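Here the structure comes first, spelled out in structure tokens, and everything after it is commentary.
Since this is a predicted model, take the numbers as computed values, not measurements. Counting from 1, the numbers follow the sequence of the chain as shown.
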Amino acid sequence: MDKYGILIVRILLGGIVFLHGLQKFTGGIGGTVQFFDSLGIPGFMAYIVAPLEIIGGLALIFGVLVPYASALIIGILSVAIVTVTFSKGFIGGYEFDFTLLVLAIVTLITGSFKKVFQFLPTNEK
């Protein structure tokens, strides 16, 4: 039963991240570039973050490279919390990003981590 819960978490997180990446392109990415600049983040990073969110979200939805996508999303969310929402406090501030961050950590820990590192020697017999 645990695998179905993790599946739901992975698809939910992937869908939300995918839609956030897609939203950055809605009406042109120029607004996102300006927003990044206003935060002190180089504007060109919008051209990197948005596609990574789309690709990472799709990877989670389809269960492809889950640990890598999760780690990527953890990085993006960590920066978002520190630069955008942390100063607003938890409620009405970073609680949504923090929740997504925890879900990304869950998918990293429970995802197909063993498959990615199957080349490592084990002591199992």
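Hydrophobic cluster of Ile11: the remaining members, joined at side-chain heavy-atom separations below 4.5 Å, are Leu7, listed by chain and number.
Note on Leu52: it clusters hydrophobically with Phe36, by side-chain heavy-atom contacts below 4.5 Å among ILVMFWY residues. Hydrophobic cluster membership differs between Ile73 and Val79, with clusters built from Ile, Leu, Val, Met, Phe, Trp and Tyr side chains linked at under 4.5 angstrom. Ile61 and Ile55 are not part of a single hydrophobic cluster, where members link through side-chain heavy atoms under 4.5 Å apart. Val82 and Leu77 are assigned to two separate hydrophobic clusters, defined by single-linkage of ILVMFWY side chains at heavy-atom distances under 4.5 Å. The hydrophobic cluster containing Leu12 also contains Val102, counting ILVMFWY residues as joined when their side-chain heavy atoms lie under 4.5 angstrom apart, directly or transitively.
Atoms OG1 and CD1, from Thr110 and Ile6 in turn, are 3.5 Å apart once rounded to the nearest 0.5 Å. Ile8 contributes atom CD1, which lies 12.0 Å from atom CG of Leu103 (distance to the nearest 0.5 angstrom). The distance from atom OG1 of Thr26 to atom CG of Leu19, rounded to the nearest 0.5 Å, is 9.5 Å. Note that the CD1 atom of Ile76 and the CD1 atom of Ile48 stand 10.5 Å from one another [nearest 0.5 Å]. Between atom CG of residue Leu101 and atom OG of residue Ser78 there is a gap of 5.0 Å, rounded to the nearest 0.5 Å. How far CG of Leu108 is from CG of Leu60: 10.5 Å, rounded to the nearest 0.5 Å.
Here the shortest heavy-atom pairing between Phe96 and His20 reads CE2-NE2, 4.0 Å. Pairing each heavy atom of Val17 with each of Glu53, the nearest pair is CG1-O, 3.4 Å. Residues Ala69 and Gly56 share a closest heavy-atom pair of CB-O, 3.8 Å. Nearest heavy atom pair, residue Gly93 against residue Lys88, reads CA-CB, 3.7 Å. Closest approach of Ile105 and Ile74 over heavy atoms only: CG1-CD1, 3.8 Å. Among all heavy-atom pairs drawn from Ile54 and Gly21, the shortest one is CG1-C, 3.7 Å.
Counting heavy atoms of neighbouring residues, nucleotides and ligands inside a 6.0 Å radius, atom CZ of Phe25 exceeds 12 of them.
With contacts defined as side-chain heavy-atom distances shorter than 4.5 Å, the pair Phe98/Thr85 does not qualify. Side chains of Ile29 and Tyr47 form a contact here, defined as non-hydrogen atoms less than 4.5 Å apart. Side-chain contact check for Asp37 versus Val33: some heavy-atom pair is nearer than 4.5 Å. At a threshold of 4.5 Å between non-hydrogen side-chain atoms, the residues Ser87 and Tyr94 do not count as touching.
The backbone N or O of Ala46 sits nowhere less than 3.5 Å from a side-chain atom of Thr32 that would complete a donor-acceptor pair.
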